[in-house]
Colleague: 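Just passing along the structure, written as structure tokens.
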Amino acid sequence: MKKIRTRFAPSPTGYMHIGNLRTALYAYLFAKSQGGDFILRIEDTDRARYVADAVEFIERTLAAAKIIPDEGPHHGGNFAPYVQSERMDIYKKYAEQLVESGHAYRCFCSGEEMTSEENKFGGYNRHCRDLDPAEIEKNLAEGKPYVIRQKMPLAGETTFFDVLHGNITIANSELEDQVLLKSDGMPTYNFANVVDDHLMEISHIIRGTEFITSTPKHVLLYEFFGWELPTFIHLAPVMGKAADGTVSKLSKRHGATSFNDLIEMGYLPEAITNYVALLGWSPKNSCQEIFSMDELIKNFSLDGLSKSPAVFDYAKLDWMSGEYFKAMSDEDFADVAEKYFTDFDEPRKIFLASLLKTRVAKLSDIPAMIAFLKDLPPFDIELFTNKRNKVTPQKSAEILAPAIKILEQVDDWTLDTLNEKIAAFVEDSGLKVGAVMWPLRIALSMQKVTPGGVTEILYLLGKEISLARLNSALEKL
RNA sequence: GGCGCCUUCGUCAAGUGGUUAAGACACCGCCCUCUCACGGCGGGUUCAAGGGUUCGAAUCCCUUAGGCGUCACCA
């Protein structure tokens, strides 16, 4: 059997859309699940869109997502170069070959003529098909710029098989005489793509549905050259849902849309990859949702792919991200959240990690959660009223005063000791735990909700600051 | 507009002629609990519509509607 080879062929735009990442992931998973190769090829044939360092950016992003090419610009391989702008002579050779065989022709029309009514509606850009050979010679001699166009059959239809969609048939009369080689000598996507996929022995083409309609043109090229057809798999797009409920292709208006946006927000790469994998694919005979890359590879199969569009759901990403955090050790979490923990010593960092890892969807949630530890929010007497625990500002003062006395005596400011002292204090007070804890927590944090309880906050704050806050609150009450 | 693709809970989805139509997220309720979270238990909501075929249809066929894509010297 022929070796499975898939490729990811992005244009170098310094931006990795989630949809692109997913396409790369599926191509990678399929290849790896079949013991095949995954190739990275850069489609930089549009000089106007070239972005500096974009290739490195793509490679770094794939590496972060643990999608490792077997061949690529900086990964080596037997089919180099893997950057299309370095393969111009190859495309030219094959384009000329098609002109020779009568499947393509030179077109000397300028841009304006292209967009004429005739071409747009009736002619499908077929105007230069039957130029007088003498005129062609003349134009060439004058050095007049030209493009090479594919000569489409005028009758009949072209059918190709897609793994997800079955047979797709399009009438040849719908196909325009598309440009193969541009006047600057660069190939178009529709040409370079076919030539390279053949030369690089790609067995399965996994790409977005936006290419379904141009696939018959590609198929015709394979036929013109007498090349064996690869297997096509056209993936449904990733959608976004706007505030008004409308669904459209995932874009900026939906929030973060690139892998890097998500990383910057503090989602783990593993969590993003895991979530994205499930956006349009589900495992067979299993309800598993948390997958390592190895498990994805083991479980992946094409028949688990969905052919309908999937809406990107940030809420579910949050959940999945949280699952990854919860599964981490305190040390690992502290490590990954390091830049948010700068105000704490090592033991407190680890302890904070233990508190936060069950409460965080993304790392950037952290600052808002722990801000009160650094800067006490303004005093608000309203907070000292809590119906459920029958707490009032008056009662709060009555609890704070003795509590301060007890805490002042504590020299061993550790979690265990603090726990012990507070528990004893509650016991002696004869009040419910909540009734005692409420005023303490408010005085220490000036907010109703805190990650962790009173003891935890006391420990994190340290003795000095804790007592200062308690005293300050007592004074104001 | 032509052509093409798509349509199971709000979202991701399982399902391929006979199921009480899985599971997950979100949501709601209860339990645990010093708040929040974690954890545990429970709940509501789904086959786009209309026609067929069939003893029987989410599953097969037709029509309609809606969504998306494409119609570049962009990919």
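All figures in this text were calculated on a predicted structure; none of them were measured in a lab. Just so we're on the same page: letters track the sequence lines, and every chain starts at 1.
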Colleague: What do you reckon, is CD of A:E142 surrounded by more than 12 foreign heavy atoms closer than 6.0 Å?
Modeller: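 Correct, the count exceeds 12.
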
Colleague: Considering heavy-atom distances to RNA chain B, does A:V311 or A:C287 have its closest nucleotide positioned more toward the 5' end?
Modeller: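 The answer here is A:V311.
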
Colleague: Charged N to carboxylate O under 4.0 angstrom, A:E323 versus A:K326?
Modeller: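 Answer for the salt bridge query: yes.
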
Colleague: Please measure how far the P atom in B:C47 lies from the corresponding atom in B:U7, and state the result in whole Å.
Modeller: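 Going atom to atom, P in each nucleotide, I get 16 Å.
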
Colleague: May I ask you to decide whether A:D177 forms a salt bridge with A:K151, counting only side-chain N to carboxylate O separations under 4.0 Å?
Modeller: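 Looking at A:K151 together with A:D177, the answer is no, because their closest N to O distance does not fall below 4.0 Å.
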
Colleague: Quick one: sort the A:Y15 and A:H17 rings into parallel, tilted or perpendicular, breaks at 30° and 60°.
Modeller: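 Answer is tilted, since the angle falls between 30° and 60°.
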
Colleague: For B:U8 versus B:A13, give the span between their C1' atoms, rounded off to a whole number of Å.
Modeller: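 Those two atoms are separated by 9 Å.
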
Colleague: For the residue pair A:F325 and A:F333, does the interplanar ring angle fall in the parallel (under 30°), tilted (30 to 60°) or perpendicular (over 60°) class?
Modeller: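 Rings of A:F325 and A:F333: perpendicular, as their planes differ by over 60°.
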
Colleague: Each nucleotide N or O in nucleotides 26-34 of chain B that has a protein N or O under 3.5 Å away: list the pair and distance.
Modeller:
{"residue": "B:C34", "atom": "O2'", "partner": "A:R441", "partner atom": "NH1", "Å": "3.4"}
{"residue": "B:C34", "atom": "O2", "partner": "A:R441", "partner atom": "NH1", "Å": "2.9"}
{"residue": "B:C34", "atom": "N3", "partner": "A:V454", "partner atom": "N", "Å": "3.2"}

Colleague: What do you reckon, is CD of A:E295 surrounded by more than 12 foreign heavy atoms closer than 6.0 Å?
Modeller: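 For A:E295, atom CD is crowded (more than 12 foreign heavy atoms under 6.0 Å).
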
Colleague: Check A:K349 against A:A334 and note the closest heavy-atom contact, atom names and distance.
Modeller: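 Where A:K349 meets A:A334 most closely, the heavy atoms are O-CB, 4.0 Å.
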
Colleague: Any residue in residues 350-367 of chain A with a heavy atom nearer than 4.0 angstrom to RNA chain B? Just list them by number, or reply none.
Modeller: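 Of all residues in residues 350-367 of chain A, the ones placing a heavy atom under 4.0 Å from RNA chain B are A:T358, A:R359.
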
Colleague: With rounding to the closest Å, how many angstrom separate the P atoms on B:C5 and B:U63?
Modeller: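 One P to the other, the span is 13 Å.
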
Colleague: Give one of base, sugar-phosphate or nothing for A:K241, where a contact means two heavy atoms less than 4.0 Å apart.
Modeller: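 Sugar-phosphate, no base atom in range.
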
Colleague: Using a 4.0 Å heavy-atom cut-off, does A:T450 contact any base of the nucleic acid, only the sugar-phosphate backbone, or nothing at all?
Modeller: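 Base contact - A:T450 has a heavy atom under 4.0 Å of at least one base atom.
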
Colleague: Considering only side-chain heavy atoms of A:T188, which listed nucleotide, B:C6, B:G4, B:C73, is closest?
Modeller: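 Nearest to the side chain of A:T188 among the choices is B:C73.
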
Colleague: Can we say A:D89 and A:K92 salt-bridge, meaning some charged N sits less than 4.0 Å from an Asp/Glu carboxylate O?
Modeller: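 Looking at A:D89 and A:K92, the cut-off is not met.
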
Colleague: Name all residues meeting the side-chain hydrogen bond (donor to acceptor under 3.5 Å, both in side chains) criterion together with A:D303; count only those two or more places apart in sequence or in a different chain, and write none if there are none.
Modeller: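 Counting only residues at least two positions away or on another chain, A:D303 forms a side-chain hydrogen bond (donor to acceptor under 3.5 Å, both in side chains) with A:S301.
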
Colleague: If each of A:N285 and A:Y275 is mapped to the nucleotide of RNA chain B with the nearest heavy atom, which maps nearer the 5' terminus, i.e. the 5' end?
Modeller: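 Here A:Y275 is the residue nearer the 5' end.
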
Colleague: Students often get this wrong, so: under 4.0 angstrom with heavy atoms, is A:S445 touching a base, only sugar-phosphate, or nothing?
Modeller: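 Nothing, no nucleic acid heavy atom in range.
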
Colleague: At under 4.0 Å between heavy atoms, what does A:F211 touch on the DNA or RNA strands: base, sugar-phosphate, or nothing?
Modeller: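 Contact class for A:F211: base.
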
Colleague: If you measure from the Lys or Arg side-chain nitrogens to the Asp or Glu carboxylate oxygens, is any gap between A:R41 and A:D197 under 4.0 Å?
Modeller: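 A salt bridge is present here (some side-chain N lies under 4.0 Å from a carboxylate O).
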
Colleague: Of the residues in residues 88-97 of chain A, which ones touch RNA chain B at a heavy-atom distance under 4.0 Å?
Modeller: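 Residues of residues 88-97 of chain A under 4.0 Å from RNA chain B: none.
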
Colleague: Give the ring-plane orientation class for A:F300 versus A:W281, where under 30° counts as parallel, over 60° as perpendicular and anything between as tilted.
Modeller: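 Parallel: the ring planes of A:F300 and A:W281 meet at under 30°.
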
Colleague: For the pair A:F38 and A:F8, name the ring-plane relationship: parallel under 30°, tilted 30 to 60°, perpendicular over 60°.
Modeller: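 Answer is parallel, since the angle falls under 30°.
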
Colleague: Between B:U45 and B:G39, how many Å separate the two C1' atoms, rounded to a whole number?
Modeller: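 Comparing C1' positions in B:U45 and B:G39 gives a spacing of 26 Å.
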
Colleague: Taking protein heavy atoms under 4.0 Å as touching, what does nucleotides 40-45 of chain B look like 5' to 3' if B marks base contact, S marks sugar-phosphate-only contact and - marks none?
Modeller: ------

Colleague: Generate the contact string for nucleotides 58-68 of chain B. Rules: B means base contact, S means sugar-phosphate contact only, - means no protein heavy atom under 4.0 Å.
Modeller: ----------S

Colleague: Restricting to non-hydrogen atoms, name the atom on A:K390 and the atom on A:K395 that form the minimum distance, rounded to 0.1 Å.
Modeller: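 Shortest heavy-atom separation between A:K390 and A:K395 comes out as O-CD, 3.7 Å.
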
Colleague: Checking side-chain polar atoms at under 3.5 Å, does A:R441 have a donor or acceptor matched by the opposite partner on A:N386?
Modeller: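 No, no side-chain donor-acceptor contact under 3.5 Å.
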
Colleague: When the C1' atoms of B:G29 and B:G18 are compared, how many Å lie between them, rounded to an integer?
Modeller: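 After rounding to an integer number of Å, I get 36 Å for this pair.
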
Colleague: Less than 4.0 angstrom from a charged side-chain N to a carboxylate O is my criterion; do A:K316 and A:E289 meet it?
Modeller: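 Salt bridge present between A:K316 and A:E289.
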
Colleague: Quantified in whole Å, what is the P atom distance between nucleotide B:G66 and nucleotide B:C25?
Modeller: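 Those two atoms are separated by 35 Å.
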
Colleague: Using a 4.0 Å heavy-atom cut-off across all strands, classify A:S11 as base, sugar-phosphate, or nothing.
Modeller: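 Sugar-phosphate, backbone atoms only, no base.
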
Colleague: Please state the C1' separation for the pair B:C55 and B:U70 - nearest whole angstrom.
Modeller: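 Going atom to atom, C1' in each nucleotide, I get 45 Å.
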
Colleague: Please answer whether the main-chain N or O of A:A277 pairs with a side-chain N or O of A:Y26 as donor and acceptor at a distance below 3.5 Å.
Modeller: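 Indeed, once roles are kept as given, a pair shorter than 3.5 Å links the two residues.
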
Colleague: Decide yes or no on side-chain hydrogen bond (donor to acceptor under 3.5 Å, both in side chains) for A:T158 and A:N172, but give the supporting numbers first.
Modeller: CA-CA 6 Å; A:T158 299; A:N172 291 152; 2.6 Å; yes

